[in-house]
Chemist: 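First, the structure itself, so that you have it in front of you.
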Amino acid sequence: MQRKVRDNKAWFLVLPVFILVAFSAIVPIMTVVNYSVQDIFDQNTAYFVGAEWYREMLRNPALLDSLGRQFFFSFSVLAIEVPLGILIALVMPTKGRMAAVSLILVAIPLLIPWNVVGTIWQIFSRADIGLFGYAVNAVGIDYNYTSDPTAAWLTVLLMDVWHWTPLIALLCYSGLRAIPEAFYQAARIDRASKWAIFRHIQLPRLKSVLVIGVLLRFMDSFMIYTEPFVLTGGGPGNSTTFLSQALTQMAIGQFDIGPAAAFSLIYYLIVLLVCYAFFTAINQLDKAK
Amino acid sequence: MAEIRLKSLAHSYKSKPTSPNDYAIREMNHVWHQGGAYALLGPSGCGKSTLLNIISGLLSPSNGEVLFDGKKVNDIPPEERNIAQVFQFPVVYDSMTVFDNLAFPLRNMKMSEDKVHSRVIEIAAVLELSDLLKNKAKNLTADEKQKVSMGRGLVRSDVSAILFDEPLTVIDPHLKWKLRRKLKQIHEQFNITMVYVTHDQLEASTFADKIAVMYGGQIVQFGTPRELFEKPNHAFVGYFIGSPGMNLIKAKKCKGGLMFNNTLVQLNPEMQVLLDPITTSNIKIGIRPEFVHVWDDKAEGAFECDVLHTEDLGTYKIITMKLDGEVLKVRIHEDRIVPTKKAYISFPEQWLKVYVDEYLVDIDEPEDEVKETI
Ligand SMILES: Nc1ncnc2c1ncn2[C@@H]1O[C@H](COP(=O)(O)OP(=O)(O)O)[C@@H](O)[C@H]1O
Ligand SMILES: [Mg+2]
């Protein structure tokens with residue numbers, strides 16, 4: 001039997017990681033926590049206010065509005081991008097030159113900087129000079145995203161779908177490629193229908209990439225900022241003012257650092273909570289015999 | 001129920017094959033009779049899976065025909081061929097229970113739920129899966145999964161043949177034997193044609209009544225395990241079957257027999273006549289280690305060899321010898337005296353084979369047996 005060595009030298013091995021994590025995550029977050037419990041007037045004048053800012057933020061109608069808008073937006077994004085991404089992955093060619101060509105075409109939106117995406121759609125959707133906006137009006141639909149809240153909201157949604165569905169498609173495409181040929185062969189021998197193949201072979205094997213895809217898309221869409229900011233500036237009215245934009249307006253525009261910090265943390269907790277709930281639900285489903 | 005006939009079948013994965021090396025299956029004629037238990041034996045890469053996939057219809061051959069009971073099925077997709085196939089690595093539908101997995105092919109045939117139920121219960125009992133029927137297939141062990149894969153083939157009452165592609169690769173050795181017995185029982189019980197692919201000769205001979213040995217995209221011999229052992233039709237069969245395989249020595253024609261280095265191996269006059277018209281230089285002498293006669297002492301006409309080493313394998317011993325520069329393996333029974341430095345051996349005429357361009361020069365039946373069944 002070997003005797004156990006009992007000292008704490010091993011901690012030195014994790015120390016570099018610990019320091020790195022501290023500086024990259026813990027210190028910045030703690031700064032925000034610090035702001036969120038104080039009322040700061042200037043560099044030398046600050047009062048401890050406890051949970052006051054949190055209470056106030058949770059009662060702020062403008063923020064609650066944008067929170068609701070945010071949830072609705074994120075769920076719309078997921079409801080469209082996930083099925084659409086799967087569908088695109090299923091029809092993408094698997095062999096030959098067309099496979100490479102289609103991969104590049106699908107990946108293009110992902111390679112465009114976010115503010116450029118906003119600009120592209122701002123011009124593309126304009127009713128007077130934009131190809132898309134003009135075309136929609138030409139078929140007789142009254143469409144103007146700068147004045148009509150619904151149109152603005154739909155345009156932001158459409159832009160996000162255009163920008164991010166490729167991510168889901170590419171994830172699913174790689175997931176599909178990882179399914180061994182024998183599964184399809186066995187399915188043919190078993191006379192499985194196309195739907196059965198999707199339901200019982202492809203979908204179960206896409207699950208892990210879809211979990212990642214859904215989480216990424218949820219977090220990302222929940223924190224969307226740049227594209228709607230460039231496209232609509234949050235308007236008309238507040239119709240496309242999402243959470244991060246409301247937050248920025250408060251922190252930078254009005255310089256309410258304390259409330260903004262409190263709200264940031266609430267925001268952060270919501271994202272964390274939703275992801276955790278989703279992840280746990282999936283795992284529970286998995287374990288069920 | 002069906003007899004499966006392959007007529008001038010050839011297949012290349014290349015769209016424009018130029019040389020014979022481009023073919024995974026070289027022109028082949030073969031018949032699998034209704035109700036047989038067959039093994040398809042050959043080394044990795046010789047085209048076994050390709051051949052199975054062509055029979056089941058997953059792959060469409062570049063040349064030739066596949067006939068079921070005399071009817072050409074080249075254009076019939078696997079879904080309509082009434083053939084089941086089990087693959088090397090288990091395929092189960094993860095999200096379904098074991099019961100639903102087994103029921104899957106039946107439900108796809110629109111069989112009534114009553115019948116599905118009784119069929120599944122029956123096959124699950126045969127494969128000893130009854131206790132697992134309610135479990136999700138995903139959580140099974142590798143060999144349980146493979147049993148489920150097999151079960152999906154066996155459960156179908158419409159199949160005329162089941163093709164197994166190295167199905168026991170992932171299975172534990174002790175379970176392997178049991179499952180093979182099980183398949184054999186099922187074969188006897190249901191009278192289904194079974195083709196069992198393997199690269200393991202022991203597996204082939206315990207499962208099959210008749211073994212097709214495949215090499216380089218061709219079936220080089222089709223026969224009972226005994227025929228393959230006693231009379232290998234092709235040098236490869238001699239080498240591949242048996243442990244150790246046949247001794248094969250390159251030789252040249254000369255007066256009175258065949259010569260290698262300075263050693264003359266005498267052949268009977270009949271054989272000499274058969275070899276007379278042959279012009280190729282690819283001639284080999286073949287003798288199985290079991291059939292080499294070892295003399296206790298110097299003897300008339302025996303070859304003198306140097307003994308290199310001896311392996312004791314329990315009931316028998318394998319002696320490696322050197323005869324005029326050629327290494328030979330000799331297998332003797334455990335209670336025979338083991339020669340130490342020198343050994344005296346001879347090759348009994350009955351067991352001495354001659355291979356010309358890899359094929360056996362056959363005295364008894366110069367006609368090719370395989371061809372005659374086509
Ligand atoms: N899908 C394929 N595409 C191209 N070549 C293949 C393919 N499948 C098999 N081959 C080739 O065909 C030959 C026979 O393969 P296979 O039938 O799988 O052999 P086995 O099952 O006896 O190991 C091998 O040389 C292999 O490389
Ligand atoms: Mg194979």
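Every chain is numbered from 1, with letters handed out A, B, ... down the list of sequences.
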Chemist: Would you give the length of the straight line joining atom CG of N53(B) to atom CD of Q185(A), rounded to the nearest 0.5 angstrom?
Modeler: 5.0 Å

Chemist: For F18(A), does the CZ atom have more than 12 heavy-atom neighbours from other residues, nucleotides or ligands under 6.0 Å away?
Modeler: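 Not more than 12 within 6.0 Å, no.
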
Chemist: Show your reasoning for whether side chain to side chain contact (heavy atoms under 4.5 Å, CB included) applies to S95(B) and R199(A).
Modeler: CA-CA 9 Å; S95(B) 53; R199(A) 173 70 192 76; 4.1 Å; yes

Chemist: For chain A, find which of R81(B), E79(B), K138(B) contributes the most heavy-atom pairs closer than 4.5 angstrom.
Modeler: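 Between R81(B), E79(B), K138(B), the count favours E79(B).
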
Chemist: Measure R107(B) against the heavy atoms of chain A and call it side chain, backbone, both or neither at under 4.5 Å.
Modeler: neither

Chemist: Is the number of heavy atoms from other residues, nucleotides or ligands within 6.0 Å of OH (Y13(B)) greater than 12?
Modeler: yes

Chemist: Taking atom CZ of F279(A) as the centre, does the number of heavy atoms from other residues, nucleotides or ligands within less than 6.0 Å exceed 12?
Modeler: no

Chemist: Counting only heavy atoms closer than 4.5 Å, note whether N82(B) contacts chain A via side chain, backbone, both or neither.
Modeler: both

Chemist: Measure across V91(B) and A186(A) and return the closest heavy-atom pair with its distance rounded to 0.1 Å.
Modeler: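 For V91(B) versus A186(A), the nearest heavy atoms are CG1-CB, 3.6 Å.
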
Chemist: For residues H200(A) and F104(B), report the shortest heavy-atom separation together with the two atoms involved.
Modeler: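 In terms of heavy atoms, the two residues are closest at CD2-CE1, 4.1 Å.
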
Chemist: Could you tell me which non-hydrogen atom of V92(B) sits nearest to which non-hydrogen atom of F183(A), and how far apart they are?
Modeler: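 Where V92(B) meets F183(A) most closely, the heavy atoms are O-CE2, 3.5 Å.
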
Chemist: Using every non-hydrogen atom in the two residues, find where A84(B) and I189(A) come nearest and quote the distance to one decimal.
Modeler: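 Heavy-atom minimum between the residues: CA-CG2, 3.8 Å.
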
Chemist: Drop me the distance from L106(B)'s CG to R191(A)'s CZ, to the nearest 0.5 angstrom.
Modeler: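 Those atoms lie 10.0 Å apart.
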
Chemist: To the nearest 0.5 Å, tell me how far L203(A) CG sits from D94(B) CG.
Modeler: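 Answer for the CG-CG pair, L203(A) versus D94(B), is 11.5 Å.
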
